[in-house]
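Some notes on the structure that comes next.
Every number for a ligand or one of its atoms is a count from 1 in the order of the listing.
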Amino acid sequence: MISHPARPAVLATAPFPPFTMAPLEAGFTLHRLWDGLDPAVAPTIRGLATNTLHGRLDAALMDRLPALEIIANFGVGYDNIDVAAAAARGIVVTNTGGVLDEEVADLALALLLATIRRLPQAERHLRAGLWPQGAFPLSPTLRGRTVGILGLGAIGKAIARRLEGFDVAIAYCGRTRQAGVAYPWYPDAVSLAAAVDVLVVVVPGGAATAGLVDAAVLRALGPQGVLVNIARGSVVDEPALVAALQNGTIQAAGLDVFAHEPQVPEALLALDNVVLLPHVGSGSVATRTAMGQLMVDNLTAWFETGRPLTPVPETRHLAG
Ligand code: 8YV
């Protein structure tokens with residue numbers, strides 16, 4: 001029988017920023033999956049520190065870690081984790097919801113305005129020395145638009161709060177109409193898209209939402225329509241989006257996420273009616289520091305009290 005060291009053994013699946021590696025190293029006996037998993041170490045691992053964007057945490061890895069109790073995710077989205085497999089093994093899963101919502105909502109508004117007012121294109125015009133030869137062409141406008149929020153969770157609500165200050169109409173789509181929410185509700189993505197001319201995608205990734213924004217949704221959004229995706233690339237049918245942008249089915253798109261990150265299709269790079277960001281929604285020093293701290297705090301709380309701070313709903317019943 002292998003005895004557990006005084007500090008719980010935690011396996012990090014991918015490198016984290018130094019400000020997160022430091023508390024992981026200080027609080028736990030830290031092992032690094034990218035250095036290889038020593039068969040003698042595997043049975044001692046009680047916690048996993050994992051990153052939304054690096055690799056899939058599947059049943060096969062869980063099976064190699066028989067003492068695993070908790071998977072702590074650095075990120076609010078946990079479509080990288082086979083949560084059903086974790087729950088079936090009695091492994092609690094935590095995420096970092098709450099500490100990044102406002103940051104991501106800020107980014108969504110920035111991307112929306114940058115896309116509609118064509119700010120990166122305007123800056124490229126200036127930097128290329130083209131201004132003396134002529135003013136940058138006039139852009140479309142946010143004025144008079146209705147913005148549809150696909151997924152009115154904590155981040156969707158933070159986006160809606162900001163949009164109220166921009167004096168635009170707001171509508172939303174979710175599984176159910178939410179009590180206490182006055183915005184018009186639509187039961188599916190096509191009917192929401194048909195009712196709005198901006199669609200902001202905020203639903204979680206994973207099998208349930210894969211390809212949700214497809215050719216039919218983009219057709220319903222229409223030729224003045226603008227798509228903003230700050231959720232997951234998997235939610236949008238990327239080839240259908242490229243076609244819709246190429247042939248004017250929709251007007252423009254602002255994308256922070258892609259189907260196969262960090263690869264971005266050449267066809268998107270070639271388009272002028274898109275603004276493309278390298279998945280920076282939560283990417284400020286302050287917010288990434290808070291996310292790392294919450295991941296570490298979840299591990300610590302679990303090992304010390306059996307009550308993690310932010311378990312995901314599917315494993316909440318395991319969380320003390
Ligand atoms: C990433 C994210 O976790 O929280 C999420 O779901 O997509 C991001 O915040 C972050 O980029 C770290 O990889």
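- Residue contact check for ligand 1: His54 places no non-hydrogen atom closer than 4.0 Å to it.
- Atoms of ligand 1 found under 4.0 Å from any heavy atom of Gly75, numbered from 1 in the order shown, are 3 (O), 4 (O), 5 (C).
- Of all protein heavy atoms, the one closest to atom 2 (C) of ligand 1 is His279 NE2, 3.6 Å.
- Remark: Glu25 does not engage Arg7 in a salt bridge, criterion side-chain N to carboxylate O under 4.0 Å.
- A salt bridge is absent between Arg288 and Glu103: the closest approach of a Lys/Arg side-chain nitrogen to an acidic carboxylate oxygen does not fall below 4.0 angstrom.
- Atom 13 (O) of ligand 1 has as its closest protein heavy atom Asn51 OD1, 2.7 Å.
- Taking only nitrogen or oxygen atoms, main chain and side chain alike, Phe74 reaches within less than 3.5 Å of ligand 1.
- The Gly77 neighbourhood of ligand 1 comprises atoms 4 (O), 5 (C), 6 (O), with distances under 4.0 Å to a heavy atom of that residue.
- With respect to the salt-bridge test (charged N to carboxylate O, under 4.0 angstrom), the residues Arg56 and Asp79 do not qualify.
- Within 6.0 Å of the CH2 atom in Trp131, the count of heavy atoms belonging to other residues, nucleotides or ligands does not exceed 12.
- Both the backbone and the side chain of Val76 come within 4.0 Å of ligand 1, judged by heavy-atom distances.
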Working note: Glu123 + Arg118, criterion salt bridge (charged side-chain N to carboxylate O under 4.0 Å, His left out); need CA distance, chi angles, decisive distance, verdict. CA-CA 9 Å; Glu123 203 214 25; Arg118 296 176 52 79; over 6 Å; no
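- In this structure, atom 11 (O) of ligand 1 lies nearest to the protein heavy atom Arg288 NH2, 2.8 Å.
- Other residues, nucleotides and ligands contribute only 12 or fewer heavy atoms inside 6.0 Å of the CZ atom of Arg117.
- Polar contact check, Met291 against ligand 1: no nitrogen or oxygen pair lies under 3.5 Å apart.
- Salt-bridge annotation for Arg89 and Asp63: present, with a side-chain N of the basic residue lying under 4.0 Å from a carboxylate O of the acidic one.
- Taking all atoms of both residues into account, the shortest heavy-atom contact from Ala114 to Pro120 is O-CD, 3.6 Å.
- When heavy-atom distances to ligand 1 are checked against a 4.0 Å cut-off, Val104 has no atom that comes that close, whether in backbone or side chain.
- Counting only heavy atoms of the protein, atom 9 (O) of ligand 1 lies nearest to Ser282 OG, 2.7 Å.
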